[in-house]
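Please read the structure below before turning to the comments.
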Amino acid sequence: MSKGITSREESYANWYTDIIKKAGLADHSAVRGCMVIKPYGFGIWENMRDQLDRMFKETGHVNAYFPLFIPKSFLSKEAEHVEGFAKECAVVTHHRLMNDPNGNGVVVDPSAKLEEELIVRPTSETIIWNTYKDWINSYRDLPLLINQWANVVRWEMRTRLFLRTTEFLWQEGHTAHATKQEAVEEAEQMLHIYAKFAEEYMAMPVIKGRKTPNERFAGAEDTYTIEALMQDGKALQSGTSHFLGQNFAKAFDVKFLNQNQKEEYVWATSWGVSTRLMGGLIMTHSDDAGLIVPPKLATTHAVIVPIPKPGPEIDEAAEKIMKALKDKGIFVKYDTDKKKRPGFKFAEYELQGIPVRIGIGKRDLEKGQVELARRDTGEKTQVPLDAAAGVVEQLLDEIQNNLFQKALDYRAAHTSSADDFDTFKEILEDKGGFISAHWDGTTETEKKIKELTKATIRCIPLDNEQEEGKCILTGQPSKERVLFAKAY
RNA sequence: CGGGGUGUAGCGCAGUCCGGUUAGCGCACCUGUUUUGGGAACAGGGGGCCGCAAGUUCGAAUCUUGCCACCCCGACCA
């Protein structure tokens with residue numbers, strides 16, 4: 001179908017990598033596990049970032065920036081936190097290089113050893129709470145609603161473009177509150193914002209839920225998550241929001257005087273989404289012909305292809321349409337490259353996932369028409385030149401909705417329930433997806449199921465229906481179903 | 001970290017087993033001509049530390065040793 005893209009059927013993993021590389025989103029870099037995000041990929045990320053940033057600001061958050069480096073001692077102040085991250089930290093031990101006495105380039109200067117090692121942040125709770133200690137004294141200083149856009153480093157054993165890279169870009173919100181209830185509400189609010197963003201902008205349906213204690217963030221009392229389902233039947237944890245209780249406040253001694261003049265520890269949340277969302281975006285919509293970008297995140301909404309090449313009449317028609325589209329706030333590109341033939345351009349823009357293609361040829365113009373082709377369905381229609389911009393605007397809405405609906409249908413078709421372990425395993429084998437099943441509530445059972453099937457509990461859905469049942473593995477009583485899946 | 005694989009032009013590969021002129025092919029790139037409604041054709045042209053290092057040899061992309069990097073599968077992973 002498309003040149004150089006492995007089909008999903010042949011190898012989903014290779015298809016995924018091919019899409020990213022051929023569409024120009026990102027590349028492997030010279031550094032192990034780290035990627036170069038190319039202009040096209042970064043443009044889509046910028047659109048995500050800008051929209052999320054608006055949503056954060058609308059809910060009263062402000063941006064700040066904290067250091068990349070964290071003193072080693074900070075990390076160990078919260079016991080669970082350090083345990084969760086210790087195995088994947090990049091550590092700075094020296095601050096100077098020198099010429100190799102043996103003439104082989106440069107070497108680390110042993111005399112420049114740091115007194116205390118610095119950790120490249122895997123997440124910023126510790127450095128931020130160490131700072132909050134100085135910022136918070138009174139209930140009047142609360143709530144503190146801060147977000148930062150940053151890069152973090154987690155030295156994972158195995159990496160995949162966008163889904164799990166050694167260094168990645170993300171935002172991390174860190175809030176401080178006077179009461180437990182307010183903090184819980186904040187954590188829930190941010191989860192809803194993530195879900196709204198995923199569904200309305202990425203056209204990626206998500207399940208909102210809570211993590212089991214075993215899958216919780218290191219140092220959290222409760223972790224909320226949005227879980228999406230990819231085309232290969234695997235789940236992708238797409239965003240998390242944590243209620244941190246008073247754990248970090250206690251670890252960093254962050255207290256405030258309440259209105260009754262009593263000293264109290266602050267209540268905390270943290271929440272984040274990362275460039276992993278790009279992976280979710282790709283795997284939710286794209287096909288064997290290439291990337292598909294939902295219009296609300298597209299850097300270019302429509303592209304005009306002159307057929308067979310630019311010329312006075314076609315240019316004039318293109319100008320007209322471009323002006324009308326720009327007036328509507330729609331980004332359009334006119335491809336005037338004379339070296340490439342139309343067929344090549346068609347394939348190229350499909351690969352890049354541009355939502356709408358506008359073909360203008362002499363034959364069309366003689367009839368006063370242009371051809372519109374939508375990326376999601378491949379459907380082509382002839383429309384009058386004067387009406388083109390209006391139809392494109394409408395098409396973009398339709399594409400956005402259709403992508404969401406398609407993904408929703410896929411998820412519905414790949415969400416099952418199982419009441420015994422054999423059925424559970426069969427479903428996992430046959431079609432994957434989410435499986436709703438009873439679980440006895442113990443970490444031991446959860447781990448055993450993972451060991452036997454590789455499936456994990458993705459979440460306990462919010463507003464979960466209460467229902468008597470028996471654990472699929474142990475037969476112990478259970479009062480609600482949880483959502484299992486194999487995950488990225 | 002275990003298993004498998006790959007490093008030769010921007011990309012994709014052949015050549016390596018069995019050492020020997022000037023390292024080759026397709027795509028891409030440059031020039032020109034003809035083309036142009038679903039990845040154009042012809043002609044001419046440019047581009048190489050053959051992953052790195054050491055060794056064997058008259059001679060190494062090819063043999064030996066060491067190292068490095070990346071990919072896939074697994075283990076691991078808010």
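Lettering of chains follows the sequences in order, A, B, ..., and the numbering in each one begins at 1.
Across the C1' atoms, B:rG26 and B:rG39 are found 15 Å apart, a figure rounded to whole Å. Rounded to the nearest Å, the gap between the P atom of B:rC30 and that of B:rC71 is 31 Å. Separating the C1' atom of B:rU56 from that of B:rG66 is a span of 15 Å, rounded to the nearest Å. If you take atom C1' in B:rU62 and the same atom in B:rG55, they sit 15 Å apart, rounded to whole Å. Nucleotides B:rG10 and B:rC52 have their P atoms positioned 13 Å apart, rounded to a whole Å. B:rG20 and B:rU64 are spaced 15 Å apart, taking the P atom of each and rounding to whole Å. One P atom belongs to B:rG5, the other to B:rG47, and the distance between them is 37 Å to the nearest Å. A distance of about 28 Å separates the C1' atoms of B:rA53 and B:rC11, rounded to the whole Å.
For A:R164 and B:rA75, the CZ to P distance is 12 Å, given to the nearest whole Å. Between the NZ atom of A:K309 and the P atom of B:rU34 there is a distance of 10 Å, rounded to whole Å. When the P atom of B:rC76 is taken as reference, atom CD of A:Q237 falls 16 Å away, rounded to whole Å. Following rounding to the nearest Å, A:E125 (CD) and B:rA78 (C1') show an atom-to-atom distance of 9 Å. Put simply, CG on A:D18 is 14 Å from P on B:rC71, counting in whole angstrom units. Distance CH2 (A:W155) to C1' (B:rC77): 15 Å, rounded to an integer number of Å. Put simply, CG on A:L161 is 8 Å from P on B:rC72, counting in whole angstrom units. B:rG38 atom C1' lies 14 Å from atom CG of A:L351, rounded to whole Å.
Pairing for B:rG44 goes to B:rC30, judged as Watson-Crick or G-U wobble with the two contacts each under 3.5 Å. Pair check for B:rG55 finds B:rC63; Watson-Crick or G-U wobble, both atom distances under 3.5 Å. Across the strands present, B:rG24 finds its partner in B:rC13; the criterion is a Watson-Crick or G-U wobble pair with both atom distances under 3.5 angstrom. Remark: B:rG7 base-pairs with B:rC68. Criterion, Watson-Crick or G-U wobble with two distances under 3.5 Å. Base pairing of B:rG74: its partner is B:rC1, meeting the Watson-Crick or G-U wobble criterion (both donor-acceptor distances under 3.5 Å). B:rC50 is unpaired under the Watson-Crick or G-U wobble criterion, no partner having all donor-acceptor distances under 3.5 Å.
Residue contacts for A:K211: at a heavy-atom cut-off of 4.0 Å it reaches no nucleic acid atom on any strand shown. No contact: A:R276 has no heavy atom under 4.0 Å from any strand. Among the protein residues, A:A218 comes within range of no part of the nucleic acid, since none of its heavy atoms lies under 4.0 Å from any strand.
A donor atom on one side chain and an acceptor atom on the other are not found under 3.5 Å apart for A:E185 and A:Q189. Counted by atom type alone, A:T6 and A:D18 present one or more donor-acceptor pairs between their side chains at under 3.5 Å. Remark: the A:K234 side chain and the A:Y12 side chain contain no N/O donor-acceptor pair separated by less than 3.5 Å.
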May I have the step-by-step check of side-chain hydrogen bond (donor to acceptor under 3.5 Å, both in side chains) for A:R458 and A:T456, ending in yes or no? CA-CA 6 Å; A:R458 300 321 304 156; A:T456 50; 2.7 Å; yes

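Salt-bridge check for A:D386 with A:K320: passed, with a basic side-chain N closer than 4.0 Å to an acidic carboxylate O. Checked for salt-bridge contact, A:D232 and A:R8 miss the test: no charged N lies under 4.0 Å from a carboxylate O. With respect to A:R216 and A:E80, no salt bridge is recorded, no charged nitrogen being found less than 4.0 Å from a carboxylate O. Ion pair A:K211/A:E227 flagged as a salt bridge, since at least one NZ, NE, NH1 or NH2 atom sits closer than 4.0 Å to an Asp/Glu carboxylate oxygen.
Considering only the side chain of A:E348, B:rG39 comes nearest among B:rC72, B:rG39, B:rU36. When distances run from any side-chain atom of A:K450 to the nucleotides B:rC77, B:rG38, B:rG37, the shortest one goes to B:rC77. The side chain of A:F168 lies closest to B:rA78 when the candidates are B:rA78, B:rG74, B:rG37. Checking B:rA75, B:rG37, B:rC77 against the side-chain heavy atoms of A:M157 singles out B:rA75 as nearest.
Looking at A:K380, its side chain comes within 3.5 Å of the base of B:rG38 through a donor and an acceptor atom. Interface remark: the A:E215 side chain does not form any donor-acceptor pair with the B:rA78 base, using a distance-only criterion of under 3.5 Å. Residue side chain A:E350 reaches the base of B:rG38 through a donor-acceptor N/O pair under 3.5 Å, judged by distance alone.
When each of A:Y488 and A:P308 is assigned the nucleotide of RNA chain B with its nearest heavy atom, A:P308 is the one assigned upstream, toward the 5' end. Heavy-atom distances to RNA chain B give each of A:G272 and A:D364 a nearest nucleotide, and the one nearer the 5′ end belongs to A:D364.
In this structure, A:W129 has its ring center no closer than 6.0 Å to that of A:H81. Taking the six-membered ring for Trp and the full ring otherwise, A:W45 and A:F162 have centroids separated by 6.0 Å or more.
Within a 6.0 Å sphere centred on CD of A:Q382, other residues, nucleotides and ligands contribute more than 12 heavy atoms.
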Can you check nucleotides 9-11 of chain B for protein contacts, nitrogen or oxygen pairs under 3.5 Å, and list what you find?
none

What N/O pairs connect the protein and nucleotides 40-43 of chain B at under 3.5 Å? Give each pair on its own line.
| residue | atom | partner | partner atom | Å |
| --- | --- | --- | --- | --- |
| B:rA40 | OP2 | A:R341 | NH1 | 3.0 |
| B:rA40 | O4' | A:R341 | NH1 | 2.4 |

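Relative to the ring axis of A:F346, A:R357 places its NZ or CZ within 45° and under 6.0 Å from the centre.
OP1 or OP2 of B:rC72 has at least one side-chain nitrogen or oxygen of A:T17 nearer than 4.0 Å.
Proximity of a side-chain donor or acceptor of A:R276 to a complementary backbone N or O of A:Q237 within less than 3.5 Å is detected.
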